[in-house]
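All remarks here apply to the structure that follows.
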Amino acid sequence: VQLQASGGGLVQAGGSLRLSCAASGRTFSSYAAAWYRQAPGKEREFVASIRWSDGVTYYRDSLKGRFTISRESAENTMYLQMNTLRPEDTAVYYCTATGYSGTTFKFLSTFLMEDFVYWGQGTLVTVSS
């Protein structure tokens, strides 16, 4: 599976952006997909995840209410709507998907970064103050 992230750019604080992640190569079959981000000089961190079969979501606590993850199964595309952006949201945003593609129920909160094996190239989001 190849993942292609897009939609990043420069935005003023308080503004919004919508990131997209398109999956190609074969029918998307991962159990879950997610967004991670990496700010300059910092480690990559979890943003949000979504279970592909039913759209159930899970968020980083500090981003709840501002960020919304969604997916369009028919188009093999995932989105991240980011509102009320802050300078500290500046980062490269990566979309990713799990290697696990089974049907056994798993809580999204149990997936660690190492469980996500398919990664897009990242899209840069810069929020100016």
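Note that this is a predicted model, so its numbers are computed, not measured. We number each residue from 1, following the sequence as shown.
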Same apolar cluster (I L V M F W Y, side chains within < 4.5 Å links), [X]/[Y]:
| X | Y | value |
| --- | --- | --- |
| V127 | L17 | yes |
| W35 | V56 | no |
| L63 | F46 | no |

For [Y], is there any backbone N or O sitting under 3.5 Å from a side-chain donor or acceptor partner on [X]?
| X | Y | answer |
| --- | --- | --- |
| Q121 | A5 | yes |
| E72 | N76 | no |
| R66 | T84 | yes |
| T104 | G102 | no |
| T96 | Y118 | yes |
| T90 | T126 | no |
| S30 | T98 | yes |
| T57 | I69 | no |

For [X] and [Y], work out which heavy atoms get closest and say how close.
| X | Y | answer |
| --- | --- | --- |
| G120 | Y94 | O-CD2, 3.6 Å |
| A23 | V1 | CB-CG1, 4.2 Å |
| N83 | Q81 | OD1-NE2, 2.9 Å |
| Q38 | K42 | NE2-O, 3.1 Å |
| L3 | C21 | CB-SG, 4.0 Å |
| G122 | V92 | CA-CG1, 3.8 Å |

**OP:** For the pair F67 and Y93, name the ring-plane relationship: parallel under 30°, tilted 30 to 60°, perpendicular over 60°.
**Re:** tilted
Original post:
Using the ring of each side chain (for Trp, its six-membered ring), is Y31 parallel, tilted or perpendicular to F111, with breaks at 30° and 60°?
Top reply: tilted
Original post:
Is R71 close enough and on-axis enough to Y79, meaning under 6.0 Å and within 45°, for cation-pi?
Top reply: no
Original post:
Between K106 and L108, is a side chain to side chain contact (heavy atoms under 4.5 Å, CB included) present by the stated rule, with each step listed?
Top reply: CA-CA 6 Å; K106 293 179 179 291; L108 291 175; over 6 Å; no
Original post:
Does E114 CD have over 12 foreign heavy atoms under 6.0 Å away?
Top reply: yes
Original post:
Between the side chains of R44 and Y36, is a donor N or O closer than 3.5 angstrom to an acceptor N or O?
Top reply: no
**OP:** Measure the CG-CG distance between L124 and L10 for me, rounded to the nearest 0.5 Å.
**Re:** 9.0 Å
Report yes if some heavy atom in the side chain of [X] is under 4.5 Å from a heavy atom in the side chain of [Y]; otherwise report no.
| X | Y | answer |
| --- | --- | --- |
| T68 | Y59 | yes |
| F105 | R51 | yes |
| M78 | W52 | yes |

**OP:** Apply side chain to side chain contact (heavy atoms under 4.5 Å, CB included) to the pair R37 and E45, showing each step before the final yes or no.
**Re:** CA-CA 5 Å; R37 67 184 184 182; E45 65 180 18; 2.7 Å; yes
Original post:
Quick check, are the ring centers of F107 and Y58 under 6.0 angstrom apart?
Top reply: no
**OP:** Answer yes when D89 and R86 have at least one side-chain N-carboxylate O distance shorter than 4.0 Å, and no when they do not.
**Re:** no
